[in-house]
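Take a look at the structure below.
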Amino acid sequence: MKHLATTTLMVLLILAAVTSFAQERPQNRASPAKPALFTQFPDVIDCTTGQLNSFFNSRQGENIAVSFNSNLTLDGNVKSNISKYSNLQTVVVKLTKFNNMLFTISKIVDEDHQIVYTGHLFDAAYADGFELKNKGGGNYQFVKIELEKMLPTCSQ
């Protein structure tokens, strides 16, 4: 009986040690670096509400091209233009120049009946992207984002 208790205890200790080491990420396996796609563009690109609103005048299947400061041109095929509610419209454009990345932009009418735009331009396959930020007073900017900081990498 004494040997059974000792053997059982040893097996449990070994299993506990193995499972605790299995939860650690090996230090020698570095995740491959993702390529940056927007290195030739500045960190902040100003845009107007007129430029942003031009996306909402397009129809699904139509090609559209909108140029911004710093030689950023978003051109591609409109994949969808949906008005989900009376105060929300979303457009998705597949950008051929940026490896078929999707640009998503939404127009929201808030409680004060003011139009607010939100949007993003990124793909998990790349290290960088842009997010549309409202700077107030009808001023908007595309602000460069680093996806490694925004979207943590899952090692599984």
Side-chain angles (χ1 to χ4, degrees), residues 16 18-156:
V18 169
T19 56
S20 66
F21 284 118
Q23 298 299 320
E24 293 180 13
R25 184 175 181 190
Q27 297 298 325
N28 57 356
R29 281 186 9 200
S31 60
K34 295 179 183 179
L37 193 60
F38 298 105
T39 55
Q40 71 273 21
F41 298 105
D43 291 345
V44 176
I45 299 173
D46 293 319
C47 56
T48 66
T49 55
Q51 290 168 319
L52 298 175
N53 197 48
S54 61
F55 288 100
F56 298 95
N57 298 327
S58 59
R59 288 189 226 133
Q60 184 173 344
E62 201 174 85
N63 287 324
I64 187 170
V66 179
S67 295
F68 300 95
N69 297 337
S70 303
N71 297 324
L72 176 65
T73 300
L74 301 180
D75 59 339
N77 185 274
V78 177
K79 288 298 178 189
S80 66
N81 186 342
I82 300 171
S83 294
K84 186 77 172 175
Y85 306 102
S86 62
N87 64 340
L88 174 64
Q89 183 178 1
T90 301
V91 176
V92 178
V93 181
K94 188 175 187 179
L95 306 173
T96 54
K97 181 179 174 184
F98 298 112
N99 299 330
N100 294 324
M101 181 181 289
L102 297 178
F103 171 60
T104 304
I105 184 167
S106 295
K107 179 169 66 171
I108 303 161
V109 180
D110 66 11
E111 302 85 24
D112 298 328
H113 302 288
Q114 300 294 315
I115 295 175
V116 178
Y117 297 96
T118 62
H120 59 269
L121 172 61
F122 69 85
D123 188 319
Y126 298 98
D128 59 353
F130 281 101
E131 184 176 13
L132 184 63
K133 299 267 188 170
N134 184 354
K135 293 299 174 183
N139 298 316
Y140 288 86
Q141 294 177 327
F142 284 103
V143 178
K144 195 177 283 188
I145 54 175
E146 294 179 39
L147 291 179
E148 291 298 319
K149 292 179 181 176
M150 189 173 163
L151 302 173
T153 304
C154 180
S155 63
Q156 293 184 9

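Between S106 and F56, the shortest heavy-atom distance links the atoms C-CZ, 3.6 Å. Smallest separation of non-hydrogen atoms from S54 and V66: OG-CG2, 3.3 Å. Shortest non-hydrogen contact noted between Y140 and I115 is OH-O, 3.8 Å. When all heavy atoms of C47 and Q141 are compared, the closest pair comes out as SG-N, 4.1 Å. Nearest heavy-atom pair across N69 and D46 is ND2-O, 3.6 Å. Here the shortest heavy-atom pairing between L132 and T118 reads CD2-C, 4.0 Å.
The CG atom of D75 sits 9.5 Å away from atom CG of L72, with the distance rounded to the nearest 0.5 Å. Put simply, CZ on F103 and CG on L74 are 5.5 Å apart, with the number rounded to the nearest 0.5 Å. Considering CD of E131 and CZ of F142, their distance stands at 10.5 Å, rounded to 0.5 Å. For the atom pair CG (D123) and CG (N100), the distance works out to 9.5 Å, reported to the nearest 0.5 Å. Interatomic distance, I108 CD1 to Q89 CD, rounded to the nearest 0.5 Å: 11.5 Å. Atom CD1 of residue I145 and atom CG of residue D128 lie 8.5 Å apart, to the nearest 0.5 angstrom.
Taking 4.5 Å as the limit, some side-chain heavy atom of M101 sits within range of a side-chain heavy atom of L121. Two residues are said to be in side-chain contact when any heavy atoms from C-beta on lie closer than 4.5 Å; F122 and L37 fail this criterion.
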Inset, instruction - Any chance you could lay out the side chain to side chain contact (heavy atoms under 4.5 Å, CB included) test for K79 and N77, step after step, and finish with the verdict? - result: CA-CA 6 Å; K79 288 298 178 189; N77 185 274; 3.9 Å; yes
Inset, instruction - Start with the C-alpha gap between F98 and Y126, add the side-chain angles, then the distance that decides, and say whether ring pair (Phe, Tyr, Trp, His ring centres under 6.0 Å) holds. - result: CA-CA 10 Å; F98 298 112; Y126 298 98; 9.4 Å; no
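Remark: S67 engages T73 in a side chain to side chain donor-acceptor pair (under 3.5 Å) (not counting sequence neighbours).
In this structure, D112 contributes its side chain and Q114 its backbone to no donor-acceptor pair below 3.5 Å.
Crowding of N71 atom CG: a count of heavy atoms from other residues, nucleotides or ligands under 6.0 Å not exceeding 12.
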